[in-house]
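Accompanying notes for the structure given below.
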Amino acid sequence: MEPTSDRQTRRVAVFDFDGTSIRGQSGSLFTRYLMRRGIMSPGRLCRLAWWGVRYKLHLPYRQAEARELVFGSLAGKMPDEVEAIMRDFHDGVLAPLYRPEALAEVARCHEEGLVVLIVSATFEGIARCAAEAMGADGYAATRMALDEQGRCTCRVEGPVVAGAEKYRAAEAWCDAHLGRGGWVIERAYGDHHTDVDLLARARHPYAVCPGKTLVIAARRNGWPILDWDL
């Protein structure tokens, strides 16, 4: 998307969450949290493990399936109850895992007048807590559907915010909050090869503690590689 003019354009810095802003994966950590709390059944955990095997072996799988299996443990609860569970998980498990360099980079972006957006495949409630903790201006994450009584279901509402959907989610948020044609992704930070699409759309992309596949892509494209594990 081309901005209308540099004078009117808002510059946006997009941060991935899992593996980039924190050390670890919120999905697997949330699964363990639910198991320890007795919220997730062993049977559901086995089905989730089988999904992980298919993912690693590149066998057929649906992105939404893993989220549905995890969130299915919370089906039937009211959103405020689920929100309280996710906030307890964030504050007790994720809060110590934030990379100091990520928090410093968010502060630097704000000092330079950038809008900071978190875009993640994690659940929306977790992303909301993350945005508050990091001081981000907004977030876009995977949403779960509600039933007619307003209770949570195990169905994903819309697409899982992963891969190419990360840019689409960022685009939708920016259009809604900054105005269509009035923004540009100035910087993007990601750690996984599935973040390549998002990184490629930024004026200044950064590969943060990347896996081998993203390292290759970063070197091929001349993207800086940031080691935030020092």
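Note that this is a predicted model, so its numbers are computed, not measured.
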Margin query: With side-chain contact (heavy atoms from CB on, under 4.5 Å) as the criterion, how do Trp183 and Glu171 come out once you've worked through the C-alpha distance, each side chain's angles and the decisive distance to 0.1 Å?
Written below: CA-CA 9 Å; Trp183 56 273; Glu171 180 182 43; 3.8 Å; yes
Notebook entry, point to check: Taking Asp18 for the side chain and Ser26 for the main chain, is one N or O donor matched with an acceptor at less than 3.5 Å?
Noted result: yes
Next item on the list: Ignoring hydrogens and angles, tell me if any N or O in the side chain of Thr20 forms a donor-acceptor pair with the backbone of Val208 under 3.5 Å.
Entry: no
Next item on the list: Verify, without hydrogens or angle tests, whether Arg203 (side chain) and Glu186 (backbone) share a donor-acceptor contact under 3.5 angstrom.
Entry: no
Checklist line | Over 12 foreign heavy atoms within 6.0 Å of CZ, Arg219 | finding: no
Item checked: Residue from Arg54, Arg47, Arg44 passing salt bridge (Lys or Arg N to Asp or Glu O under 4.0 Å) with Glu65 -> Arg54
Check: Looking only at heavy atoms, which two atoms of Pro79 and Gly150 are closest? And how far apart?
Finding: CD-O, 3.1 Å
Notebook entry, point to check: Are Trp228 and Tyr189 close enough, and set up right, to give a side-chain contact (heavy atoms from CB on, under 4.5 Å), and what steps lead you there?
Noted result: CA-CA 11 Å; Trp228 285 354; Tyr189 305 81; 4.0 Å; yes
Item checked: Side-chain heavy atoms of Cys209 within contact of Leu226, under 4.5 Å -> no
Notebook entry, point to check: Does the side-chain contact (heavy atoms from CB on, under 4.5 Å) test come out yes or no for Met134 and Leu103, once each step is laid out?
Noted result: CA-CA 6 Å; Met134 295 178 67; Leu103 301 178; 3.8 Å; yes
Check: How far does CD of Glu157 sit from CD of Glu124, to the nearest 0.5 angstrom?
Finding: 8.5 Å
Check: What pair of heavy atoms forms the shortest contact from Ile39 to Ile85, and how long is it?
Finding: CD1-CD1, 4.3 Å
Margin query: Run Glu105 and Arg108 through salt bridge (Lys or Arg N to Asp or Glu O under 4.0 Å) and show every step you take.
Written below: CA-CA 5 Å; Glu105 191 70 3; Arg108 182 172 77 91; 2.5 Å; yes
Next item on the list: Find the distance between CZ (Phe123) and SG (Cys129) and round it off to the nearest 0.5 Å.
Entry: 13.5 Å
Next item on the list: Answer yes or no: are there more than 12 heavy-atom neighbours, outside Arg99 itself, under 6.0 Å from its atom CZ?
Entry: yes
Checklist line | Whether Arg10 side chain and Gly182 backbone form a donor-acceptor pair below 3.5 Å | finding: no
Next item on the list: Looking only at non-hydrogen atoms, find the nearest pair between Leu74 and Cys152 and report the distance.
Entry: O-CB, 4.0 Å
Margin query: Check whether Arg11 reaches the backbone of Glu112 with its side chain - one donor and one acceptor, N or O, closer than 3.5 Å.
Written below: yes
Next item on the list: Identify the heavy atoms of Thr142 and Arg67 that sit nearest to each other, and give their distance.
Entry: CG2-CG, 4.3 Å
Check: Is it the case that one hydrophobic cluster holds both Trp223 and Phe15, taking links as side-chain heavy atoms less than 4.5 Å apart, direct or via other members?
Finding: no
Margin query: Please evaluate residues Glu68 and Val156 with respect to the criterion side-chain contact (heavy atoms from CB on, under 4.5 Å), reporting the C-alpha separation (whole Å), side-chain torsions for both, the decisive distance (0.1 Å), and the verdict.
Written below: CA-CA 7 Å; Glu68 291 166 354; Val156 173; 4.0 Å; yes
Notebook entry, point to check: Do you know the tightest heavy-atom contact between Met40 and Leu69?
Noted result: CE-O, 4.2 Å
Next item on the list: Show your working on salt bridge (Lys or Arg N to Asp or Glu O under 4.0 Å) between Glu165 and Arg168 and close with a plain yes or no.
Entry: CA-CA 5 Å; Glu165 292 297 339; Arg168 296 188 187 102; 2.9 Å; yes
Check: When you measure from the side chain of Ser21 to the backbone N and O of Asp16, does any donor-acceptor pair fall under 3.5 Å?
Finding: yes
Next item on the list: Could you tell me which non-hydrogen atom of Leu199 sits nearest to which non-hydrogen atom of Pro205, and how far apart they are?
Entry: O-CB, 3.1 Å
Next item on the list: Measure centre to centre between the rings of His90 and Tyr98, then say whether the value is under 6.0 Å.
Entry: yes
Notebook entry, point to check: If you round to the nearest 0.5 Å, how far is OG1 of Thr122 from CE of Met86?
Noted result: 7.0 Å
Check: Any idea how Phe30 and Phe89 line up, ring-wise: parallel (<30°), tilted (30 to 60°), or perpendicular (>60°)?
Finding: tilted
Item checked: Distance (rounded to the nearest 0.5 Å) between Leu178 CG and Thr9 OG1 -> 10.5 Å
Check: Under the 3.5 angstrom rule, does the side chain of Asp147 hit a backbone N or O of Gln149 as a donor-acceptor pair?
Finding: yes
Note to self: Could you measure the distance from the OG atom of Ser41 to the CE atom of Met35? Nearest 0.5 Å is fine.
What the structure shows: 8.0 Å
Note to self: Assigning hydrophobic clusters by single linkage (Ile, Leu, Val, Met, Phe, Trp, Tyr; side-chain heavy-atom cutoff under 4.5 Å), is Leu48 placed with Tyr33?
What the structure shows: yes
Notebook entry, point to check: Any link between Val119 and Leu114 through a network of hydrophobic side chains (Ile, Leu, Val, Met, Phe, Trp, Tyr) touching at under 4.5 Å?
Noted result: no
Check: Is it true that a side-chain atom of Asp175 and a backbone atom of Ala172 form a donor plus acceptor pair closer than 3.5 Å?
Finding: no
Margin query: Using 0.5 Å steps for rounding, measure from the CD1 atom of Ile126 to the CG atom of Leu94.
Written below: 6.5 Å
Check: Quick check: does any side chain N or O of Asp137 sit under 3.5 Å from a backbone N or O of Leu117, one acting as donor and the other as acceptor?
Finding: no
Next item on the list: Inspect the contact between Asp195 and Lys166 and indicate whether a charged nitrogen and a carboxylate oxygen are less than 4.0 angstrom apart.
Entry: yes
Margin query: Applying a strict under-4.5 Å side-chain criterion to I, L, V, M, F, W and Y, I'd like to know whether Leu34 and Val82 cluster together.
Written below: yes
Checklist line | In one Ile/Leu/Val/Met/Phe/Trp/Tyr side-chain cluster, 4.5 Å: Val70, Phe17 | finding: yes
